[in-house]
Amino acid sequence: MTHTPPAPRRGWVSRWTFILAATGSAVGLGNIWKFPYITGENGGGAFVLVYLACILLVGIPVMMAEILLGRAGRRNPIDSMRTLAASSGAHPLWRLIGISGVLAGLMILSFYSVIAGWALDYIPRTASGSLAGANAAAVAEAFAGLQADGHSQLVWHTAFIAMTVIIIAFGVSRGIGGTARTLMPVLFALLLLLLGYSLAYGDFEHAVRFLFAADFSRLSAGAVLVALGHAFFTLSLGMGAIMAYGAYMPPQASIAGTALIIAVLDTAVALVAGLAIFPLVFAHQLAPAAGPGLMFVTLPIAFADMTGGLYIGTAFFLLLSIAALTSAISLLEPGVAWLSERGRLGRLPASLLLGGIAWLGGIACIHSGTVFNILDFTATNLLLPAGGLLIALFAGWCLRPSLLQAELGDLSPGLSRIWRLLVRVIAPLGVGLVLLSSTGALNGLRIWLTGAVT
Ligand code: PHE
């Protein structure tokens, strides 16, 4: 029996479902935990300015490229890249973008779901009042206890992967779209609730100073690279998540306008998260600690000590879990779409298979910090920037002009020229720098150069 490839599937119910799903992918642990702390570490307002420039000059143009490749290909990232390369007369190896994306998604999901599992664990822990009134040492001990408890971590990690698999198995419109339409409004409401509480009871002024006072002396070259790398991670770029979602986008929706809305929402959530978290940290005379400690030790100390901390704390960990879940489904979708569109596996077995691989990866992360760090570093610092670089180059230099015209036809000639310059030259240069620095090559070059000068 010969196999005929499935016809391109039904799309999102509306453009807004696409926007909510892509925003759900973008808004995740990166916004709520990582952005506030790297901002504080890297010069506050000065860093925010550089980060905004990275979003504008690299993030938005590359996101437009990803959406347009997805919508032009109308398939999963691997097959979209294959057919687009063929119809543009480019080398078939461009489909490596899709393959590396599927791998990166599985790697990120492995460690991401372990952290999400901690967030899930903290919902009943906080809601039951087991941390209420606890002192700093007791809260720190509780987190250390969880990290040493392989069994609890396994249970929560499994629960998180199971939720991700179930949503993905329900398909694009009901599963991903339905989840985004239901959970994103809850996420926004929880975030505003926390912001309101911090405005009323936190040290808001101190937090604003911490986040926005521009101290350019603390802004190093390294900070610029951190900002660019984070722009990629936070917008979910470089691994085909946005490309996979773009394949279901209505044909008449404007790609530029849509990318702009997603980037603005993602950035707004990051800034508001900072303004919700730090006032509580400062009001309780705590230090804005880096790493997982900020979410799982510093904040719980503040929650343990404040009026209504039980509710605010529970709301916070619910927010964190929702943000992680709507990102996790986008990490699995490229691979599941690929396997199921090949017609060999249905969506449920494909989700179970790939979810199972990420589940095993997560178990390795629970038991070994080294595996955790290797997966994080390889996916976040190497595969995402490399994928983004290739996506920008392919869309800018290789894609058949008529396809480009069909997708970006609504852009004015001036904006179209700016976009082309950004994806052809500016974004590849910026991303190239990130890649060189992550591999340590840039450091080597600097040492070599300073050595050569002195
Ligand atoms: N954007 C997500 C976050 O900020 C992480 C992510 C990266 C999700 C890549 C999907 C793809 O947490």
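All values below come from the heavy atoms of this structure, side chains included, with hydrogens, waters and symmetry mates left out.
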Q) Can you check side chain to side chain contact (heavy atoms under 4.5 Å, CB included) on Leu280 and Tyr197, steps first, answer last? A) CA-CA 9 Å; Leu280 304 180; Tyr197 185 94; 3.8 Å; yes

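- At least one donor-acceptor pair closer than 3.5 Å links the side chain of Ser412 to the backbone N or O of Leu415.
- Remark: the backbone N or O of Ala328 is not paired with any side-chain donor or acceptor of Tyr112 at under 3.5 angstrom.
- For OH of Tyr201, the number of neighbouring non-hydrogen atoms (other residues, nucleotides, ligands) closer than 6.0 Å is 12 at most.
- For Phe170, the CZ atom counts as loosely surrounded, since its 6.0 Å shell holds 12 or fewer non-hydrogen atoms of other residues, nucleotides or ligands.
- In this structure, Gln153 contributes its side chain and Gly117 its backbone to no donor-acceptor pair below 3.5 Å.
- Summarising the local packing, CH2 of Trp338 is surrounded by 12 or fewer heavy atoms from other residues, nucleotides or ligands at distances under 6.0 Å.
- If you look at Tyr51 and Phe35, their ring centroids are closer than 6.0 Å.
- Between Leu228 and Gly430, the shortest heavy-atom distance links the atoms CD2-O, 3.0 Å.
- The two residues Leu435 and Pro385 make their nearest non-hydrogen contact at CG-CB, 3.9 Å.
- Between the side chain of Trp419 and the backbone N or O of Pro61, at least one donor-acceptor pair lies under 3.5 Å.
- Between Phe303 and Phe317, the ring planes are perpendicular. Angles over 60° get that label, and only those under 30° would be called parallel.
- By the side-chain contact (heavy atoms from CB on, under 4.5 Å) test, Asp305 is found to be paired with His284, residues two or more places apart in sequence or in another chain being considered.
- Geometric assessment of Arg15 against the ring of Phe18 yields a negative cation-pi assignment under the 6.0 Å and 45° thresholds.
- Between Trp118 and Phe143, the ring center distance clears the sub-6.0 Å criterion.
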Q | Test side chain to side chain contact (heavy atoms under 4.5 Å, CB included) applied to Ile255 and Glu407, step by step | A | CA-CA 7 Å; Ile255 289 180; Glu407 295 300 333; 3.7 Å; yes

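- With Arg424 contributing its side chain and Leu393 its backbone, the two residues share no donor-acceptor pair below 3.5 Å.
- Taking 4.5 Å as the limit, some side-chain heavy atom of Leu96 sits within range of a side-chain heavy atom of Ile99.
- Proximity of a side-chain donor or acceptor of Ser130 to a complementary backbone N or O of Arg125 within less than 3.5 Å is detected.
- Legend: ring pair (Phe, Tyr, Trp, His ring centres under 6.0 Å) pairs involving residues 379-398, not counting sequence neighbours, sorted by first then second residue: Trp94-Phe394.
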(Q) Set out, in order, the CA-CA distance, both residues' side-chain angles and the distance that settles side chain to side chain contact (heavy atoms under 4.5 Å, CB included) for Thr23 and Asp266, then state yes or no. (A) CA-CA 6 Å; Thr23 306; Asp266 182 72; 5.5 Å; no

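- Put simply, the side chain of Asn31 gets close to the backbone of Gly28: a donor and an acceptor are under 3.5 Å apart.
- Between the side chains of Ser327 and Ser330, no donor-acceptor pair of N or O atoms lies under 3.5 Å.
- The backbone N or O of Tyr245 sits nowhere less than 3.5 Å from a side-chain atom of Glu333 that would complete a donor-acceptor pair.
- The environment of Phe377 atom CZ is dense: over 12 non-hydrogen atoms of other residues, nucleotides or ligands sit within 6.0 angstrom.
- Between the side chain of Asn42 and the backbone N or O of Ile38, at least one donor-acceptor pair lies under 3.5 Å.
- Without hydrogens or angle criteria, Thr326 side chain to Ile322 main chain gives a donor-acceptor distance under 3.5 Å.
- Nearest heavy atoms, Leu211 versus Pro36: CD2-O, 4.3 Å.
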